[in-house]
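What follows is a short report on a single structure.
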Amino acid sequence: QSKTIFRVYGVLRKSTVAMADALAKIPDVEIDPEGTFKYILVRVKAKDGDVHKDIVRGTKNAEYHNHIFEKVNPAMEALGMECKCLGGGKIEHNNQEKKIRVFGESTAFGKADHAVSVEKLKTFFSDYEITWSDDKK
């Protein structure tokens with residue numbers, strides 16, 4: 001019986017490692033290269049798993065925050081993940097001056113934790129000045 005338990009544990013462990021690897025391949029940040037636009041903070045996790053990570057997605061092409069989520073969610077589901085939007089706001093991205101400002105909130109999803117979003121952005125834009133505020137504009 002102990003061999004069976006070990007074998008099941010081994011399979012679960014491999015599955016968890018595989019899901020962690022799949023999560024690691026998902027970019028933390030995907031935003032437009034310039035301009036002011038809506039963004040969302042999304043928690044992505046493996047279906048039937050505890051391993052998760054938060055990602056930032058933003059684009060000028062989204063009139064509303066839910067338009068971003070409607071693109072992210074199916075893409076993540078195709079990878080065997082599930083998503084939950086943790087909130088949204090706006091990003092002002094000035095690539096000339098290497099500055100990003102995070103602010104505002106989403107009517108549909110509420111305000112994202114901008115501090116978390118900024119930490120994600122800092123890993124991706126390490127040479128930028130990145131700030132956030134709770135201001136609406």
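Counting from 1, the numbers follow the sequence of the chain as shown. Note that the structure is a prediction, hence the values are computed from the model and not measured.
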Considering only heavy atoms from C-beta outward, does the side chain of [X] approach that of [Y] to under 4.5 Å?
| X | Y | value |
| --- | --- | --- |
| Ile31 | Phe125 | yes |
| His93 | Tyr128 | yes |
| Ile55 | Ile26 | yes |
| Arg101 | Trp132 | no |
| Val42 | Asp54 | no |

Inset, instruction - Any salt bridge (charged side-chain N to carboxylate O under 4.0 Å, His left out) involving residues 69-81? Give me the pairs, sequence neighbours left out, ordered by first then second residue. - result: none
Legend entry - Exceeds 12 heavy-atom contacts within 6.0 angstrom, atom NZ of Lys47: yes
Inset, instruction - Mark yes when over 12 heavy atoms from residues, nucleotides or ligands other than Lys90 sit less than 6.0 Å from its NZ; otherwise mark no. - result: no
Legend entry - Electrostatic pair Lys98-Asp127, nearest N-O below 4.0 angstrom: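 Salt bridge flag = yes for Asp127 with Lys98.
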Legend entry - Side-chain ion pair, Arg57 and Glu30, N-O less than 4.0 Å: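 Salt bridge between Arg57 and Glu30, a charged N being under 4.0 Å from a carboxylate O: yes.
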Inset, instruction - For Tyr39 and His114, test the side chains for any donor-to-acceptor distance below 3.5 angstrom and give the result as yes or no. - result: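 Distance-only check passes for Tyr39 and His114.
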Inset, instruction - For Asp134, enumerate each residue passing the side chain to side chain donor-acceptor pair (under 3.5 Å) test, keeping only those at least two apart in sequence or located in another chain. - result: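 Counting only residues at least two positions away or on another chain, Asp134 forms a side chain to side chain donor-acceptor pair (under 3.5 Å) with Lys111.
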